[in-house]
J.: 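Following this message is one structure expressed as structure tokens.
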Amino acid sequence: MPTTSLSLTETPLLAGILRRADDALILGHRLSEWCGHAPMLEEDIALANIALDCVGQARSFYAYAAEVAGGGLTEDDFAYRREAGQYRNCLLVEQPNGDFAGTIVRQVLFSAFNDPYYRALTGSRDATLAAIAAKAEKETAYHLRHSGEWLIRLGDGTDESHARARTALDELWPYTGELFEVDAAEAALIEAGTLPDPRSLRAGFDATLDHILSEATLTRPAGGWMQSGGRAGRHSEHLGFILADLQYLQRAHPGATW
């Protein structure tokens, strides 16, 4: 494997696949950082399992991306040989874990979108995407339920836990708008029946959040200005640090196997 970064020509289909794959990989890596540090043993295992679910989803999407791209590429090429500007994940998943409340709020916000998105993706005219989504949706349903239950405990818990959850919600809310953005490439895939339209999921997203937040004695922030750019490769500084850790071995020892 060469040491140079991966050179890609992104077709709309490849870009669409990579958005799903990169969301899963980066979130999985973020959650893996809790291994050995969660507030209790059971939650340490739960977060590690969710991280593994995410990495498994990423592998499925990257394997399909390699098939679509051709040229002998593998899933590892997509994970380890791209620069930060070639990643297509949303900005939300690359945000730092913060405290436990911050991680839970990030997971609730992402899962409230991702679970119905995968459910809708099971109806894709692309049989491979539909099959990946059918397996992943069972996992994302648990991710939403687990993080939602924790947010209710934190929000309706002590003054300290409520304040931390409130702060995290206010800080991360501006990253939710990007989840529903549609550019020209994605619009073509939506028109072809390959991908679901994320805009059609907004009402359900809001309803899910309102239900969880109501039980958590929290309030959904007002709309306002939203962060954007991750889908086009414009990321926060945090992604660079993630990739420096994630890609170290393959960058230092290209093609290493074990």
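Please read these numbers as outputs of a predicted model, since none were measured by experiment.
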J.: Please report the interatomic distance CD(Glu186) to CD(Glu191), rounded to the nearest 0.5 Å.
T.: 13.0 Å
J.: If only atom types and distance count, is the side chain of Glu178 paired as donor or acceptor with the main-chain N or O of Gly229 below 3.5 Å?
T.: yes
J.: Within a radius of less than 6.0 Å around CZ of Arg125, do more than 12 heavy atoms belonging to other residues, nucleotides or ligands occur?
T.: no
J.: Looking at Asp22 and Arg82, is any side-chain nitrogen of the basic one under 4.0 Å from a carboxylate oxygen of the acidic one?
T.: yes
J.: Spell out, as yes or no, whether a donor-acceptor pair under 3.5 Å connects the side chain of Thr167 to the backbone of Arg164.
T.: no
J.: What class does the angle between the rings of His146 and Trp150 fall in, given that below 30° is parallel, 30 to 60° is tilted and above 60° is perpendicular?
T.: perpendicular
J.: Counting distance only, does the side-chain N/O of Gln247 pair as donor-acceptor with the main-chain N or O of Ala244 below 3.5 Å?
T.: no
J.: Would the distance check show the side chain of Tyr118 and the main-chain N or O of Lys135 forming a donor-acceptor pair, the cut-off being under 3.5 Å?
T.: no
J.: So, taking the atom named CG in Leu129 and the one named OG in Ser124, what distance separates them when rounded to the nearest 0.5 Å?
T.: 5.0 Å
J.: Could you tell me if Arg202 sits above the aromatic ring of Phe180, with its cationic atom closer than 6.0 Å to the ring centre and no more than 45 degrees from the axis?
T.: yes
J.: Are more than 12 heavy atoms from other residues, nucleotides or ligands located less than 6.0 Å from atom CZ of Arg59?
T.: no
J.: Distance-only, no hydrogens or angles: does the Asp77 side chain make a donor-acceptor pair with backbone N or O of Leu6 under 3.5 Å?
T.: no
J.: For the pair Trp173 (side chain) and Ala222 (backbone), establish whether a donor and an acceptor sit closer than 3.5 Å, ignoring hydrogens and angles.
T.: yes
J.: Regarding Arg231 and Asn89, do their side chains bring together a donor and an acceptor under 3.5 Å, going by distance alone?
T.: no
J.: Val55, Ile50: one ILVMFWY side-chain cluster at the under-4.5 Å cut-off?
T.: no
J.: Between the side chain of His162 and the main-chain N/O of Leu154, is any donor-acceptor distance below 3.5 Å?
T.: no
J.: Between Thr122 (side chain only) and Arg119 (backbone N and O only), is there a donor and an acceptor less than 3.5 Å apart?
T.: yes
J.: So, does Glu94 use its side chain to make a donor-acceptor pair with the main chain of Ser236 at under 3.5 Å?
T.: yes
J.: Could you check whether any side-chain N or O of Thr208 sits under 3.5 Å from a backbone N or O of Ala112, counting only pairs where one atom can act as donor and the other as acceptor?
T.: no
